[in-house]
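In what follows, every chain begins at residue 1, and chains take the letters A, B, ... in the order their sequences are listed.
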Protein chains: 2
Amino acid sequence: MKIDPNHLHMLAAIIDSGGLSEGAIALNKSQPSLSRTVAMLEARLGSRLFEKGKRPLRPTELCQSLADQGRIILHASEAARQVAELYSGGKAGTARISGTPIFMDGVISNMIATFQGAFPEIAIHQTYGYLGDLTEQLNVGNVDLAICPVCPDTVPEGLSFKPILPGRNVIACAPSHPLARKSAIKLEDIAPYPWIAPPAGSPLYEDLRSALARIGIKDFKVSFTGGSLASIISILAGSESLTVLPYSVVFMQSNTKNVTALPVRLEHPSRELGVLWRDDRPIRPAVLRFRKYLESEFSGLAKRIEEKGRNIVWRN
Amino acid sequence: MKIDPNHLHMLAAIIDSGGLSEGAIALNKSQPSLSRTVAMLEARLGSRLFEKGKRPLRPTELCQSLADQGRIILHASEAARQVAELYSGGKAGTARISGTPIFMDGVISNMIATFQGAFPEIAIHQTYGYLGDLTEQLNVGNVDLAICPVCPDTVPEGLSFKPILPGRNVIACAPSHPLARKSAIKLEDIAPYPWIAPPAGSPLYEDLRSALARIGIKDFKVSFTGGSLASIISILAGSESLTVLPYSVVFMQSNTKNVTALPVRLEHPSRELGVLWRDDRPIRPAVLRFRKYLESEFSGLAKRIEEKGRNIVWRN
DNA sequence: CTATCTTCATAACATGAAGGTATATTGATT
DNA sequence: AATCAATATACCTTCATGTTATGAAGATAG
């Protein structure tokens, strides 16, 4: 004999509020409705649920046991309501994001931290990839948002793109680096130092190669490669190596005084750091909220970067 | 926005069985029914529950969360069903019993032990009392069954009575007692020994007094009084005291060799040990089962007592 | 003990949520 | 492209549940 969860919930409400009438009020129903349901249950169970002819309604032992389950059900139902509400409001859920490693580590991770401070019920699943993978992952549906530098003219078919920062790259080194103190750097100055190469296949790597080629350096010395941002920064700090990083990443590190940018303008294809997503499929509220958050954070960040950049003379 | 527990349960069933059609089978409903409910929920929640246009039906994150609650609800509902079933079958619940202390301790406690071995979900609440209290407690409704010696002609108004054993009392002593070895005991032999008096107010006490008076002993020496069965048996074992006990209590102790009965017939009002209850109010299944159990156990016990009793010559 | 108050039970009716069957639609598969 | 299997839709039906009105019964106070 199956018992309707709603009925169990009703029993709990009746007991907890101390009577049919009170229970009816608590449940927003009429008293006869409860009365009838109780009678029906008693008939089906073959046992009384409330002692007969007792006016302060006294629940039977069986009724107590059933009401216990009813309370569990009530609780679960309430939890579901809450989940649904949070979810719809974009305050709970999951956002699956993916992006270029250096930028995710160097900039986005900070924002995720503050975001999760505000919305602890939103889980972020992060992966790494470059434009090709990202497009694929978005199309397949494994990822909700991709964050990477994109040439605005060549946004992949079927994706929306929202730029968040200019994708300018710079030459980075430790603040203690000999070049860091020079006010005017000539390109020849750069030549002697070893390089930390960004992951092969990344735009950064291409930029490093082409920039150096432009200076005339074809065979540059790569002292380290394959590491993620954390390794790169450690190695920069402990050596005289140079590397190429998005300026925003260097900027975010500025308070830790681990990395600095050389005031040299690197020529590279114009790109915008931005967010990619598929607009043709429904965007979950939590994802939308995260995207909006990124956009607003970055508009602030872009302003701060802009202000600081004005004081620097970038040479070619 | 309140969510119907049944709907949550449905989501769980759909996910767990892997599709609408399978879920429908699991829930004993038609596929369109589930389809429609899901659609309705999606409309009300404002979010999809299953990804659109994916044929192996893929539940949304939200749907998973809701289904989690649905499983909790399913579980609670199932538990309720089980409780109700056990209860109705008299395999779960509570029986509140009360009875005369010596008999409860000496005979009933054993039976409760085996009973609870068979029906661990039935809780027994035991209290003590004599006929007056017991009647009162039964009438008030604090107790479901009373067990005590009753003169069958004077069953209190409004109570049913079922005899389970002849209420015969005997003089009891330690097996090491000087009288225990005598094959023929004269009443004068008894006079010198001190007595352990059963609780004042108990029928046993009355029986002791009147039996001794009949022998001619008016002033008997009471060496101990007020104790429950455990104390009485200890003291009997360590002294030459005598006492009066229901023969069934002595019989139940026979395997421990702590107590023996003197082959002397005690004159006392004819009583039957039995079970009292109010038949005008509904008997809970667990109580009924316990009562039936008592009756069947006692019919076996009565037979064993009878057999053993035949070998003994009871003198007056 | 009676009068009165409160609370529960019952009756009669209304309605809508949910179920069923038949069938169209749409991903998946070959 | 054709076929298959699973889901969505349309339409009808029914029964659980809700409502209001009212009767019955336990509790309470004078």
Side-chain angles (χ1 to χ4, degrees), chain A residues 1-45 47-60 63 67 70 73 77 139-141 280-282, chain B residues 1-45 47-60 63 67 70 73 77 139-141 280-282:
Chain A
M1 159 172 1
K2 197 171 147 291
I3 306 180
D4 189 322
N6 286 311
H7 295 160
L8 296 173
H9 170 194
M10 272 184 33
L11 291 183
I14 294 173
I15 291 181
D16 293 344
S17 51
L20 285 188
S21 319
E22 295 90 328
I25 295 169
L27 292 170
N28 270 321
K29 316 202 159 166
S30 64
Q31 170 267 317
S33 178
L34 297 203
S35 178
R36 185 153 38 83
T37 305
V38 168
M40 184 270 284
L41 277 177
E42 287 183 335
R44 289 205 341 201
L45 294 173
S47 335
R48 297 206 72 86
L49 290 170
F50 295 92
E51 288 181 22
K52 181 183 153 194
K54 282 280 160 19
R55 199 40 73 97
L57 220 54
R58 262 215 310 252
T60 311
C63 185
I73 287 171
S77 183
N139 286 333
V140 169
D280 58 342
R281 57 185 64 168
Chain B
M1 160 173 2
K2 197 171 146 289
I3 306 180
D4 190 321
N6 286 310
H7 295 161
L8 296 173
H9 170 193
M10 271 185 35
L11 291 183
I14 294 173
I15 291 180
D16 293 344
S17 51
L20 285 189
S21 319
E22 294 89 329
I25 295 170
L27 292 170
N28 269 321
K29 315 202 161 168
S30 65
Q31 170 267 318
S33 177
L34 297 204
S35 176
R36 187 157 32 81
T37 305
V38 168
M40 184 270 284
L41 276 178
E42 287 183 335
R44 290 205 340 203
L45 294 174
S47 332
R48 298 207 71 87
L49 290 170
F50 295 92
E51 289 181 24
K52 182 184 153 190
K54 283 280 160 17
R55 199 42 74 96
L57 221 53
R58 262 215 308 251
T60 311
C63 184
I73 287 171
S77 182
N139 286 332
V140 169
D280 59 341
R281 57 185 64 169

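- Rounded to whole angstrom, the span from the CD atom of B/Gln31 across to the P atom of C/dT26 amounts to 15 Å.
- Residue A/Glu51 contributes atom CD, which lies 17 Å from atom C1' of D/dA25 at whole-angstrom precision.
- The nearest whole Å value for the distance from the CD1 atom in A/Ile3 to the C1' atom in D/dA16 is 17 Å.
- Remark: the backbone N or O of B/Leu49 is paired with a side-chain donor or acceptor of B/Glu42 at under 3.5 angstrom.
- For the pair A/Ile14/A/Phe50, a side-chain contact is recorded, criterion being any heavy-atom separation below 4.5 Å from C-beta on.
- B/Lys2 NZ: more than 12 foreign heavy atoms inside a 6.0 Å radius.
- In this structure, B/Ile73 CD1 and B/Met10 CE are separated by 12.5 Å, a value rounded to the nearest 0.5 Å.
- Rounded to an integer number of Å, the gap from CG of A/Leu57 to C1' of D/dA27 is 14 Å.
- Nearer the 5' end of DNA chain D, as judged by each residue's closest nucleotide, is the contact made by A/Pro32, out of A/Pro56 and A/Pro32.
- Look at B/Ser21 and you'll find a side-chain N or O under 4.0 angstrom from OP1 or OP2 of D/dT7.
- Put simply, B/His7 has a side-chain N or O that comes within less than 4.0 Å of OP1 or OP2 on C/dA18.
- Residue contacts shown for B/Ser35 include a base, since a base heavy atom lies under 4.0 Å away.
- Between B/Lys29 atom NZ and D/dA6 atom P there is a gap of 21 Å when expressed in whole angstrom units.
- A/Ser30 has a side-chain polar atom (N or O) that falls below the 4.0 Å cut-off from OP1 or OP2 of D/dT19.
- Atom CG in A/Leu20 sits about 16 Å away from atom P in D/dT17, given to the nearest Å.
- Remark: C1' of C/dA17 and CG of B/Leu41 are 12 Å apart, rounded to the nearest angstrom.
- Rounded to whole Å, the distance from CZ on B/Arg36 to P on C/dA24 is 19 Å.
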